[in-house]
Amino acid sequence: MVGGGGGVGAGLLENANPLIYERSGERPVTAGEEDEQVPDSIDAREIFDLIRSINDPEHPLTLEELNVVEQVRVQVSDPESTVAVAFTPTIPHCSMATLIGLSIKVKLLRSLPQRFKMDVHITPGTHASEHAVNKQLADKERVAAALENTHLLEVVNQCLSARS
Amino acid sequence: MKDSLVLLGRVPAHPDSRCWFLAWNPTGTLLASCGGDRRVRIWGTEGDSWICKSVLSEGHQRTVRKVAWSPCGNYLASASFDATTCIWKKNQDDFECVTTLEGHENEVKSVAWAPSGNLLATCSRDKSVWVWEVDEEDEYECVSVLNSHTQDVKHVVWHPSQELLASASYDDTVKLYREEEDDWVCCATLEGHESTVWSLAFDPSGQRLASCSDDRTVRIWRQYLPDNEQGVACSGSDPSWKCICTLSGFHSRTIYDVAWCQLTGALATACGDDAIRVFEEDPSSDPQQPTFSLTAHLPQAHSQDVNCVAWNPKEQGLLASCSDDGEVAFWKYQRPEGI
C-alpha cells in the first residue's frame, strides 16, 4: 500500500487547521420504514450513516465533520447492488488518503450484504495522486493482502471505532 | 445461451472465506482449490458428487492465492501472501510439504510449472518474477530474478511447449521471457490494456496468448517470427507479438481470469460481475484478425465475484469455477447449435 503507515498521531499534523463542518441531524422515520412487511431498500442516507462517524486518522474529528464524506457524494442502487462513495481528502497531498479510503471500504464490506459491489474513490480533482490511490482501492487483491497486515488492520480498526 | 452452460454441482470449498484459484491435475481426476482460509483442498469425484479428499492446512500463514500441479501430477505448488511458495508431494491421498521457497519480499501472487517439469516460475507484489530450477533430488534453486515490471506482478504462465514465460502486471502490461546464454531475459512487452492485467492463457498451439484485465477487455495476441509472411516487424531474432483481437463490451466489471480449453479452443472468463462467459472463434475468420463470438453467458454463476475458471484437461466441456463466496462450481459446457 502507498505510504502513510507510520504517520498516525506523531509529530506535526499535515493539516493543522482543518475546516470543520456541522453534522446533519438524525433522519426522520417514514411510515414505509416502520412497516415490517416492506423490506427496507438501502439508500444513500443509510450508506452515509455508516461512514459519517469514521474517525480521521490524524484529527479527533469524524470524516463528516471534516467534509471528507458527504451524503451527496454517495451513489447507491439497491436493485443493481452497487455503491459508489467519493471522498474528499482535506488537502491535495494528504498522505492519509489511501488509509481513509481503506477505512471507508472496510466499513462498507463489514456492514453491507455480500451482494454489493463497492467502489470507493477520491472526488475527482481533489488529490495529487488520485489515480494511484483509486487504483489501489479498486484492487481487491491488494486490499485483501493489506488487511492481513495486523498493524494496518489495527490502524483501520481505530478509525472505525466509536469515539469515547 | 444460458443453456450452453449447465450447473453440475457446487461445493462450499472455503467456507466463510473466498476461494481464489483452482487447478486440475494433468489427468483431470483431481481439482485443487485454495483460498483466504489459508488452506488448499483437493477434490475428487465419488459417484456423482465432488468430495474433499485432502486438506493441506499447515503450509501457509496467510491467504493461499494460487496453486499449480507439476506436469507429472505428483507435486503441487502453492503461492501465498505470506511471501512463500510451498511444494507439496503427493503420496496417494496425502500431501507432504517437501520444500518452502523463500525470497520474495512480500505476497507471492502466482506460481507455474514449465511443461518440462524442471522449471518453476513465481511472481510477487515486489514487482519481480523468479525462475527456479528443480533437479532429480527435488532440490530447488533460483536461477533468475527478473525485474522488468514496474508494479505488482499478478500472474505467470508458461508456454505449452516452449520454455517461454509470460507475466501479467498491475503496470498494465504483459511481458515475455526466455533463456538467453544462461540467463533469463525479457524478450517482449505487450502494451494495450488500460489497467491491471490479471491473468493469461496460451491457446493449445502456443501461437496465441489471451490476456484479461481490469479494463474489462480480453485481448488476443499473436506471435510473429522474424521473416514472417505478414510483414510484422521483429527486432533481431526475437519474435514480435501483436494484438490481433480485443473482446470489449461483454464484461461489466474486472475480468479476473481467462482459460483457454486445450481440447476445444473455447475461451472462458471469470468476471467481477458474478458471471461466467465462454467465447469461441468463428471458424471462417481470418487467423490474423480472428473474430470470437459469445457462446455462453451465465449471469449470477456465483453470488459474488468469479475469481477463476478452469477447463478439465481430459473431459471435454467440463469447467470448474470459484468465487469470493467461497464456493466451487462445476459446469458442463456445450457449444450451442447454429453458431
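Residue numbering restarts at 1 for every chain, and letters A, B, ... go by the order of the sequence lines.
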Should we say atom CD of B:Q151 is surrounded by more than 12 heavy atoms from elsewhere, each under 6.0 Å from it?
-> yes
Flag the one option from B:D82, B:D324, B:D214 with the top tally of heavy-atom pairs under 4.5 Å to chain A.
-> B:D324
State the CD-OG1 distance between A:E141 and B:T254, to the nearest 0.5 angstrom.
-> 11.5 Å
Are side-chain heavy atoms of B:R125 and A:R142 found at a separation under 4.5 Å?
-> yes
Residue pair A:A132 / B:Y170: nearest heavy atoms and the distance that separates them = O-OH, 4.2 Å
Which heavy atom of B:R62 sits nearest a heavy atom of A:A145, and at what distance?
-> NH2-O, 3.0 Å
Has B:K127 got more than 12 heavy atoms of other residues, nucleotides or ligands less than 6.0 Å from its NZ?
-> no
Between A:D139 and B:K154, is there a side-chain N and carboxylate O pair less than 4.0 Å apart?
-> yes
Ionic contact status for A:K117 with B:D273, cut-off 4.0 Å | no
Interatomic spacing from OG in B:S80 to CD in A:E148 - rounded to 0.5 Å = 7.5 Å
Structural part of B:E107 lying under 4.5 Å from a heavy atom of chain A = side chain
What are the two closest non-hydrogen atoms of B:W20 and A:A144, and how far apart are they?
-> CZ2-CB, 4.2 Å
Taking NZ, NE, NH1 and NH2 as the nitrogens, is one of them in B:D152 or A:K135 under 4.0 Å from a carboxylate oxygen of the other?
-> no
